[in-house]
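Report on the structure given below.
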Amino acid sequence: MGPGNILILMALLHSGTAFLKSEAYFNETAELPCQFLNSQNLSLNELVIFWQDQKKLVLYEFYLGKENLNNVDPKYMQRTSFDQNSWTLRLHRAQIKDKGVYQCIIHHKSPTGLVPHHQKDTELSLFANFTEPEIVQMSNVTENSGINLTCSSGQGYPKAMKMYFLLKLENSTELEYEGVMQTSQDNGTELYNVSISSYVPLPDGVSNVTIFCVLKAKSMKSREIEICSKPFCRVPRQPSPIAHQPSWIIAVILIFLILCGMACCLWKRKKKQRIVVSNKETTRMEKDTNEETEERMKIYVPERHDREVQCAV
């Protein structure tokens, strides 16, 4: 059994035969088994084997030991190969439009003509994994609000089940935010593209938030898978402008105090210089006054002495 291909035997009957389910990935190889046991050990030269789809279009025909391409529909040309050991037809480059029910029919050539000998129906389902979701930021983070985000993924099949934003907080808490999921289908490949847009609020009191986009889809074996985007970002809460004001005020106050201190020092220095000059001038003036007084005393003392002498005679 080829990679990416799974066969599930169902306990159901369809047209009188055991009903099989086959699954394959888009653009890979699908297997359509015939499950012919050949208990009678019939030769391929005695058999006519062919596969047809639900529209009765022939995929492949092996006629009495040789390939017969005359009856093969053009859409299946060069896309099939027959494994004679497992009685399985491989459909290469499987497309979404190839899904449906196929029949393997075997006729045995007898002397009276071709006789229906075996039939097996297989339902083929196709899958395609969505691409890794990608987040795009539509607005900046603002205080007391959140952020507008868009997430997109594509090239998947079948339709996505769910898409949402997952927030992982620094305290290991997880929050989910869903948006309206938009789905579109490519007309050629029939693959789906999906996207969501959502306003994601940022929780209060949390400094960092890691954001993911998660896509839920169906896969083989009826499994549900989750495809997660890369971490979009760690979003820091932007502090309020008011919260920044104290630091600015403190810086301004410090500068002001420094300038005031420098001005005060200069003022004190100039004042000191003025006091020293004033003291010097006062001392000089006192000295000059004393000298003048002494000179006057020297002048008047002799005159008083002469008069005293004259009075004595």
Side-chain angles (χ1 to χ4, degrees), residues 1-129 157-158 190 218-225:
M1 195 174 301
N5 189 285
I6 302 172
L7 296 176
I8 305 172
L9 180 61
M10 306 296 295
L12 299 174
L13 295 180
H14 184 73
S15 301
T17 61
F19 182 66
L20 292 175
K21 276 195 171 184
S22 178
E23 297 179 336
Y25 282 114
F26 173 77
N27 221 28
E28 295 189 7
T29 298
E31 293 187 353
L32 305 173
C34 200
Q35 284 196 339
F36 180 54
L37 298 179
N38 194 16
S39 58
Q40 301 177 16
N41 199 23
L42 298 174
S43 170
L44 289 174
N45 296 328
E46 305 174 51
L47 301 175
V48 175
I49 310 167
F50 65 95
W51 277 262
Q52 65 182 17
D53 62 18
Q54 52 198 358
K55 295 181 180 180
K56 306 302 180 184
L57 301 178
V58 176
L59 286 74
Y60 177 85
E61 183 177 353
F62 196 82
Y63 186 82
L64 302 179
K66 294 182 180 180
E67 288 186 350
N68 180 22
L69 303 179
N70 295 331
N71 297 324
V72 175
D73 188 84
K75 67 181 289 187
Y76 296 114
M77 280 289 187
Q78 298 182 348
R79 292 184 58 205
T80 58
S81 59
F82 176 45
D83 186 344
Q84 298 180 15
N85 295 323
S86 63
W87 300 80
T88 297
L89 182 71
R90 292 189 174 91
L91 177 61
H92 306 291
R93 302 184 301 280
Q95 303 297 300
I96 301 301
K97 60 187 67 176
D98 291 329
K99 61 183 175 60
V101 177
Y102 293 85
Q103 291 179 329
C104 170
I105 299 173
I106 298 178
H107 292 278
H108 178 232
K109 183 181 179 182
S110 67
T112 58
L114 294 177
V115 179
H117 189 74
H118 178 79
Q119 178 177 324
K120 180 67 65 176
D121 291 0
T122 302
E123 182 181 17
L124 176 62
S125 299
L126 271 296
F127 294 86
N129 288 332
Y157 192 89
E190 298 187 12
K218 289 183 179 179
S219 186
M220 289 185 175
K221 294 184 179 180
S222 301
R223 293 183 299 112
E224 294 182 4
I225 61 173

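Positions are given from 1 along the sequence.
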task = Just jot down the side chain to side chain contact (heavy atoms under 4.5 Å, CB included) partners of F127, sequence neighbours excluded, or say none.
result = E23, Y25, S125, P158, M220
request  = Give every residue pair that meets the salt bridge (Lys or Arg N to Asp or Glu O under 4.0 Å) criterion with at least one member in residues 46-59, sequence neighbours excluded.
outcome  = none
message = Would you say that K120 contacts P33 through its side chain, given a criterion of any heavy-atom pair below 4.5 Å between the two side chains?
response = no
inquiry  = My understanding is that only residues two or more places apart in sequence, or in another chain, count here; which of them pass salt bridge (charged side-chain N to carboxylate O under 4.0 Å, His left out) with D73?
reply    = none
task = Would you list the pairs meeting disulfide bond (SG atoms under 2.5 Å apart) in which at least one residue belongs to residues 40-79, sequence neighbours left out?
result = none
request  = Any pair with a residue in residues 22-123 that passes disulfide bond (SG atoms under 2.5 Å apart), sequence neighbours left out, goes on the list, sorted by first then second residue, please.
outcome  = C34-C104
note = Contacts of T112 meeting side-chain hydrogen bond (donor to acceptor under 3.5 Å, both in side chains) (sequence neighbours excluded), chain-then-number -> S110
query = Quick one: ring-ring contact (aromatic ring centres under 6.0 Å, His included) partners of F62, sequence neighbours excluded?
reply = F82
Any residue meeting side-chain hydrogen bond (donor to acceptor under 3.5 Å, both in side chains) with E190, in chain and number order, not counting sequence neighbours = none
query = Which residue pairs satisfy the salt bridge (Lys or Arg N to Asp or Glu O under 4.0 Å) criterion with at least one member in residues 98-108, sequence neighbours excluded?
reply = R79-D98
request  = Applying side-chain hydrogen bond (donor to acceptor under 3.5 Å, both in side chains), name anything that partners S86, two or more places apart in sequence or on another chain.
outcome  = D83, T88
ask   = Please, which pairs that meet disulfide bond (SG atoms under 2.5 Å apart) have at least one residue in residues 43-83, sequence neighbours excluded?
value = none
inquiry  = So, using side chain to side chain contact (heavy atoms under 4.5 Å, CB included) as the criterion, who are the partners of Q78 when residues are at least two apart?
reply    = none
